[in-house]
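Heads up: the structure comes next, in structure tokens.
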Protein chains: 2
Amino acid sequence: MGNGIDDGDRAVWDAFFAMQMDFWRHLSRILQTETGLSEPDYAILLALRDAPGGRLRAYQLSEVTDFEKSRLHHHLRRMSVRGLLTRESEADDPRAAVAAITPEGTAAITAAVPKREEHIRRWLLDALDDGQKAALTDISEAVLRGLKDKTASAE
Amino acid sequence: MGNGIDDGDRAVWDAFFAMQMDFWRHLSRILQTETGLSEPDYAILLALRDAPGGRLRAYQLSEVTDFEKSRLHHHLRRMSVRGLLTRESEADDPRAAVAAITPEGTAAITAAVPKREEHIRRWLLDALDDGQKAALTDISEAVLRGLKDKTASAE
DNA sequence: GCCCCCGGGTTGACGTATCAACTCGGAGGT
DNA sequence: ACCTCCGAGTTGATACGTCAACCCGGGGGC
């Protein structure tokens with residue numbers, strides 16, 4: 001422990017780091033300019049579009065999108081101001097906070113999905129051959145597995 | 001064009017997307033809690049540490065860190081309030097805005113680097129075998145190449 | 001039945017990122 | 001010498017993310 005990272009590993013990190021920055025900057029930028037939606041807008045509208053009745057309780061939306069409850073709350077407020085969704089409460093459970101997609105929200109996500117898919121294809125998938133795609137999936141799952149274990153392992 | 005993404009490609013994207021979110025959330029979180037530095041703090045201090053005299057003009061810092069000038073300006077202001085660096089101007093060029101690392105800034109980055117390297121090793125490199133590391137470098141460079149071409153290609 | 005705890009939700013404060021508009025002092029062309 | 005343009009830097013507005021603290025209405029243990 002305490003010793004550094006060797007040159008080979010550093011090259012991996014540098015490439016990965018640089019790619020991440022540029023890739024996400026570009027993807028969120030073109031999503032915004034072409035659809036008027038931010039990344040969190042897109043994630044939330046997609047979850048609501050796929051939910052029965054276009055409605056989800058806050059904690060369910062939080063599970064699907066993996067947003068912290070506070071982050072989700074703030075974002076839902078901003079989105080409701082823009083008319084993309086409405087915030088309602090259930091009559092039978094006063095604690096429930098339900099988000100419901102509006103026609104404008106539906107229109108926005110319907111228009112955005114094909115563009116988003118083209119972005120993903122063009123800037124990620126088309127840059128990789130089949131072997132690289134398979135490797136990227138494996139790598140992503142391996143890293144994810146390591147992260148999941150952190151809570152399970154002793155600490 | 002306009003058709004969707006097939007199931008195999010979607011699996012690549014889903015895994016990649018999930019990994020990104022969790023990985024960066026975790027890395028920036030532990031950096032913050034263990035060192036008191038945010039990701040941009042770390043990037044800026046590292047650049048200044050490696051600069052001659054611990055000083056760099058704003059536009060040079062902008063090139064090294066790839067921060068937009070406005071983002072950089074706001075961040076330097078916050079960091080100077082915290083005492084991590086000072087903002088000076090050159091006598092011979094009134095336009096120059098120079099950032100200079102302070103002893104506190106040097107102490108912070110010196111303490112942070114080994115922790116950061118351990119994070120990178122533990123949460124990324126140790127999760128991958130040699131083949132996966134090589135593949136990740138290739139993939140990152142391929143994606144990066146595609147992004148660089150965007151400005152060069154017709155649009 | 002009472003009490004305590006817990007989870008869903010809300011709020012405010014603060015740090016961070018992006019965009020657009022603006023200042024200002026040179027450098028170059030004429 | 002003048003004028004124009006340009007690039008470095010600054011500013012303010014707005015959106016986004018995180019943390020800590022808090023409210024509030026059940027449920028469960030007893």
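Sequence lines set the chain letters: A, B, ... in the order given, protein chains first and strands last, and positions in each chain run from 1.
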Using a 4.0 Å heavy-atom cut-off, does B/Ser38 contact any base of the nucleic acid, only the sugar-phosphate backbone, or nothing at all?
sugar-phosphate
Sugar-phosphate, base or nothing in reach of A/His74, heavy atoms under 4.0 Å:
base
Between B/Trp24 and A/Phe16, how do the two ring planes meet: parallel, tilted or perpendicular, split at 30° and 60°?
parallel
Regarding B/Arg87, tell me which of base, sugar-phosphate or nothing describes its non-hydrogen contacts under 4.0 Å with the strands shown.
sugar-phosphate
Pick one: which of B/Arg116, B/Arg25, B/Arg29 meets salt bridge (charged side-chain N to carboxylate O under 4.0 Å, His left out) with B/Glu39?
B/Arg116
Take the protein atom CG of B/Leu72 and the nucleotide atom P of D/dA8, then report the distance between them rounded to whole Å.
12 Å
B/Lys133/A/Asp9 ion pair, N-O < 4.0 Å
yes
Please report, rounded to the nearest Å, how far the C1' atom of D/dT10 is from the CG atom of B/Leu76.
12 Å
State whether the distance check finds a donor on one side and an acceptor on the other, under 3.5 Å, for side chain A/His73 versus base D/dG17.
no
In plain terms, say whether A/Arg78 and A/Asp41 are close enough for a salt bridge, that is, a side-chain N and a carboxylate O under 4.0 Å apart.
no
Under 4.0 angstrom, heavy atoms only, what part of the nucleic acid is B/Arg78 near: base, sugar-phosphate, or nothing?
base
Heavy-atom nearest nucleotide on DNA chain C taken for A/Tyr59 and for A/Arg29; more 5' hit belongs to A/Tyr59
For atom CD1 of B/Ile44 and atom C1' of C/dT16, their distance in whole Å:
11 Å
Measure from CD on A/Glu68 to P on C/dG7 and round the result to the nearest Å.
15 Å
